[in-house]
Novice: 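Take this structure first; my questions come after.
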Number of protein chains: 2
Amino acid sequence: MAPPPTSEVDCLIVGAGPAGLMAATWMSRCGIKTRIVDKRGTKVFNGQADGLQCRTLEILDSFDFAHRAWRESNHMLEICLWNPNDQGVIRRSDRIPDTIPGISRYQQVVLHQGRIERFFLDSIKEHSNIEVERGVLPERLEFDASKAEDEDAYPITVRLRHLTDEEATPHQDLSSTATNPALNGSAPQNGMFRSNLAADDTEDLIRKARAEAGSTEIVKAKYMIGCDGAHSWTRRQIGFTMEGEQTDYIWGVLDIIPITNFPDIRMRCAIHSANSGSIMVIPRENKLVRLYIQITTTEKDGNPVERAKIGPQMILKSAQKIMHPYQLTYEYCDWWTAYQIGQRVGSNFSLNERVFLAGDAVHTHSPKAGQGMNVSMQDTFNLGWKIASVLNKICTRSILKTYQSERRRVAQDLIAFDHRWSRLCSGRPAKDVMDEEGISMKEFKSAFEKGNMFASGIAVDYGASVVVAKAGDLAEQGDGTAVESAGGDHKNRVVGKQDLAGGIQIGMRMPSFQVLNQADARPWQFQELLKSNGRWRVVVFAGDLRDAEQWARLTSLGEALAQPSTLLSRCNSRAGPNSVIEVLTIHSAPRTAIALLHLPDIFHPFSEREGWDYWKVFVDDLSYHEGHGHAYQNYGVDPLKGCLVVVRPDQYVSWIGELEDVGEMERFFGRFMRASA
Amino acid sequence: MAPPPTSEVDCLIVGAGPAGLMAATWMSRCGIKTRIVDKRGTKVFNGQADGLQCRTLEILDSFDFAHRAWRESNHMLEICLWNPNDQGVIRRSDRIPDTIPGISRYQQVVLHQGRIERFFLDSIKEHSNIEVERGVLPERLEFDASKAEDEDAYPITVRLRHLTDEEATPHQDLSSTATNPALNGSAPQNGMFRSNLAADDTEDLIRKARAEAGSTEIVKAKYMIGCDGAHSWTRRQIGFTMEGEQTDYIWGVLDIIPITNFPDIRMRCAIHSANSGSIMVIPRENKLVRLYIQITTTEKDGNPVERAKIGPQMILKSAQKIMHPYQLTYEYCDWWTAYQIGQRVGSNFSLNERVFLAGDAVHTHSPKAGQGMNVSMQDTFNLGWKIASVLNKICTRSILKTYQSERRRVAQDLIAFDHRWSRLCSGRPAKDVMDEEGISMKEFKSAFEKGNMFASGIAVDYGASVVVAKAGDLAEQGDGTAVESAGGDHKNRVVGKQDLAGGIQIGMRMPSFQVLNQADARPWQFQELLKSNGRWRVVVFAGDLRDAEQWARLTSLGEALAQPSTLLSRCNSRAGPNSVIEVLTIHSAPRTAIALLHLPDIFHPFSEREGWDYWKVFVDDLSYHEGHGHAYQNYGVDPLKGCLVVVRPDQYVSWIGELEDVGEMERFFGRFMRASA
């Protein structure tokens, strides 16, 4: 037999779920030669996860398609808490906002995962020729550790097998569906084959495909990202493990169009019955409502519960008991599944910063808090630009270690949150203060409110590292592992001046407030200017430019930045002004008091073909139609004196300094930016 | 030779520009068997009109694609007026908002016509199998007037000729382009072949196609809409004329990426030089700026100016003189053209309410006020639902007469506006108060401000008719022709109670303010609930439902509306609740004080398959994240007692009454609704 064909690729992504697609989306924006493969022959199913955090919507907007999710999704505005009264009858005890007002320009919404994946696919296609290759299964991985630090090497060798259509189509458990038809006779989609109660089928697929001699090929890759789910094949090849435990809670999930007299069925609800368990109500798009219902515990011998027992009617009956005296039934069931809660985190997120794991491959937890898809996408949102920057020779490999320190820490925090959360959701309400086994409803409400901040995704605060210039212990702020190599790094460490911008936290995402374009008075949410295209940003809060002294400071800053010797100049020299590090200015003088072209050129560069750049200078002023953003006040920046802020390509804040601190900023960039780029 | 094939269609649309596409979009939503043909073999060109009024964006949103225009377009926020100072040097004399704050949730934007057409095409495809047939030319029209009032007849017979690709490709004037290359050597697109200075080529096309024996077919149609432009073939076949005059102003249009030190190049500007003429600056998408420049008058003998003299360099030179002492040049020119201003209105807009004319076929005027494409689209936005309602046997043919009375009046008003506007834009600034030939800059600013209201499209106020129940003289409020047939109509005339809702004007479009869904607290702009799907709406301002008396009034209203004998019940009986006349409720009590399911069923109907309808009842209350809409206050409705409002399928207000006025409302509907539908 002839040897299989061999090819090279800069980045190989395994798995085309949300985490894999997010990684591919970055590559599409940064011009990286990429392949993305998925063993499944078909895309997306009914059901599947659904909640989109505020932060996820901000991220999707940075790729220009949040509006599609925003328009199609169901918006969740209010959470209603239902508990037994003194007679043991459930009643609404509280209403709380689903998203904490003011933390983001988006609120949490719910939309079928298949639509999110569609938006990613459309966006990738619009910006590149990357295509998801379905029915393609990796079956061997070799890694040459000796080449790990050789930038131009391909240390990863993967054998890919191309499946036939039949092989690649997931096997649905028809027997289970058959015994549990929807009430109206049509079979709802059974999601059990993707549940964590179902066995992994990857090895089966490989065996079958080999027997049938499907074609294979060899791919050599510089980088590889395993986004291949809870049963991750990639993780097993590189020998990393999942750490944590399985709880004995089992939950059923039912997506139905409800027929009910329960008054809050279109609100997100947490209902605790006195003795029949609890239920979470998640209203969805297309009139659907998702019910998460506790159905039983693991069987006594610790084996998974018998699958054939679980079905939509069983789940419905549990729901009816919990929601008594309200009635609940349905004619249309869209999907159902069941799962057992497990909270586990991967031991390592990367092998030599060449093979990375992301998403369910390194963290699993309960779906009820609506975190899974979000945290998975945010893993590769964190990772994608870093790999692309290294491949494009913009940054050194030193930044890659921050993926694990940043994202494994988030996974650890998530698991801790989910642990508390699941106990609260699964437990029985306390009968009185002496009932120690029961869950206090006060505790529940307070946890819900705190959980809301965590669940928004806005609270993520990356620890100090080469790309986050803040004070404190690096290991403690991260996942416990070393972020920076030893050597002389510590004495070169740069720490930004956090107190210059109280509303902008180093390590957290840049908040968004409205500013106006100086040239045309159009209002923009500042985040809209921070698109995900791989660029670093220096945000110049120029202060009040009517003030002569401040004007002089800005002029000096302009001169300092324009020096050909600065990293800013040298990084941008290859592809033109603002191509690698973009300078965005926000001043606080009245718009009509300032003329754009009077500012130093570096803030609005000239091009022979297109004239001046009118899209870099903004002002914190009143708009004609959308009020005043009060950006300086909200960012906590002195409106006279301003400051400098460095923002990473993923909108997280790296450094803050004064207008005179260009040298310090250069030192920050100097630790990982490659001037020759 | 065999006779050409013959087929039948409910609606034949000739011309696939914005007016034709708007008509087809209505048909796609109302399930009408439709064909739309265009003689051109290719879609859209560079350049072309561009401004989208607030009202047009509201309309596009009613078809669910305003967001696409909003995202891609350039938003215009401010108009800067530039005039000579005492030394004759131009300087900025005023800034005014481009859109009057508060009149709409949209502001005027600018986007290439080709993109608008793309959005229409995508939307039509999404909702129907209607496809634009390009390279198809009507060449004979027969109309059997004796069948005009026979509803099921096909009084229209059209012979269509299918052109070859070559025939259907517009002939560009290469010689003119050759003598006027762009400064950088690449040829910009020359738009002269579509200018009104160019000759019509329809007859040429027909002659050529006949000579080459292209295939033909016969189409029999119930209705036909001629959207075939200023040289309308349809108009000539039915013998209608254009009335009005040609002015002797000639303007050049240049789309460039400007290289300039003029400070307001990204603002909409009107610049009057002392002695070199005037210029309008319209900033566009993709860094382009459009310049409208007065270049010369008609030649002395009254013939059109010699075309070969007009080109981008000539236009640029004129601009440079006007904008002196500022510099202006360009490397990239996207498109250019020239036109002569003519203001004319069609004598009739329909033949027996069977063959209709719309858009440029019945009104031509200056493009500078950005009205052309908007008014054209709004013509067929007015007409489309009327034809569809008659075809679907929802309404009687009586409503069709209102197309002419409503839209010809708008065209008359537009021409009057354009006349004043063009004189102001084309004229020379007055040197002093004694200079009577010059234009007073005070007058100019005042006209600009007044023009802004007209130009928004929001000011349109349809006259009294069978579908607009207001007081006053029908002919006077319309285009001067009779709207209603004689007979006993006058004594049956219904007049709504305008004073119950000061912010809702009978005859004008329903304004939009934020309300919350009672069931899930989600905020909506009320207009978002008035989608263009052919439905009439009864908006129930239910008042304060905490008040026992008001609750009783609402209960009585619910009983009255639910009677099987009402037109509302009978119209909806075929396709289910809310299918023909939809009931939307807005109450003014606090959201949490009211339970949706307590309201009478008619306000939230029950379905066996989907349970209660959670999307019909709204509340005027504070939202969690987007403030308070103050809808009752803004609509001018008594927050205790409320009122009833009938809104047409195109969002224009028909009638206002009290909750007890169901009988009067029935009488209103009874004049044109067909209960048997």
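Here is the naming used below: chain letters follow the sequence lines, and residue numbers restart at 1 for every chain. Note that the structure is predicted; figures quoted are calculated from it, not measured. No hydrogens, no waters, no symmetry mates; every other heavy atom, side chains included, goes into these values.
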Novice: Please report the closest heavy-atom contact between A/Y624 and B/I96, naming both atoms and the distance.
Specialist: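 That closest heavy-atom pairing would be OH-C, 4.2 Å.
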Novice: Against chain A, work out which of B/T260, B/T99, B/N261, B/L597 has the most heavy-atom pairs shorter than 4.5 Å and name it.
Specialist: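 Counting heavy-atom pairs under 4.5 Å, the top option is B/T99.
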Novice: With a 4.5 angstrom heavy-atom cut-off, which part of B/D98 approaches chain A: side chain, backbone, both or neither?
Specialist: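 For B/D98, there is no contact with chain A at all, as no heavy atom is under 4.5 Å.
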Novice: When you look at A/L77 and B/L516, which way does the side-chain contact (heavy atoms from CB on, under 4.5 Å) test go after all the steps?
Specialist: CA-CA 10 Å; A/L77 278 303; B/L516 311 183; over 6 Å; no
Novice: Can you tell which of A/H625, A/M76, A/R266, A/H67 has the highest number of heavy-atom pairs within less than 4.5 Å of chain B?
Specialist: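 Option with the top pair count is A/H625.
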Novice: Evaluate the side-chain proximity of A/E626 to B/Q107: yes if any heavy-atom separation is below 4.5 Å, no if none is.
Specialist: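 In contact.
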Novice: Taking the basic N atoms (NZ, or NE/NH1/NH2) and the acidic carboxylate oxygens, is any pair closer than 4.0 Å for B/E78 and A/R591?
Specialist: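 So B/E78 pairs with A/R591 through a salt bridge.
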Novice: Under a 4.0 Å N-O cut-off, is there an ion pair linking A/E610 with B/K287?
Specialist: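 Yes, A/E610 and B/K287 are salt-bridged.
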Novice: If we define contacts as heavy-atom pairs under 4.5 Å, which of A/T592, A/L596, A/D264 has the most with chain B?
Specialist: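 Looking at each option in turn, the highest pair count goes to A/T592.
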Novice: Please flag which part of B/A595 lies under 4.5 Å from any non-hydrogen atom of chain A: side chain, backbone, both or neither.
Specialist: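 Neither the backbone nor the side chain of B/A595 comes within 4.5 Å of chain A.
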Novice: Do A/R609 and B/I257 have side chains that get closer than 4.5 Å, going by heavy atoms?
Specialist: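 Result no, sub-4.5 Å side-chain heavy-atom pair not found.
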Novice: Do the side chains of A/E608 and B/E331 get nearer than 4.5 Å, heavy atoms only?
Specialist: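 Not touching, per the 4.5 Å side-chain cut-off.
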Novice: Counting C-beta onward and ignoring hydrogens, is there a side-chain heavy-atom pair between B/Y614 and A/I265 closer than 4.5 Å?
Specialist: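 Result yes, sub-4.5 Å side-chain heavy-atom pair found.
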Novice: Could you please spell out the steps behind the side-chain contact (heavy atoms from CB on, under 4.5 Å) verdict for B/I259 and A/F606?
Specialist: CA-CA 9 Å; B/I259 301 172; A/F606 184 81; 3.7 Å; yes
Novice: For A/N74, does its backbone N or O pair with a side-chain atom of B/R522 as donor and acceptor, under 3.5 Å?
Specialist: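 No, B/R522 side chain to A/N74 backbone: no donor-acceptor pair under 3.5 Å.
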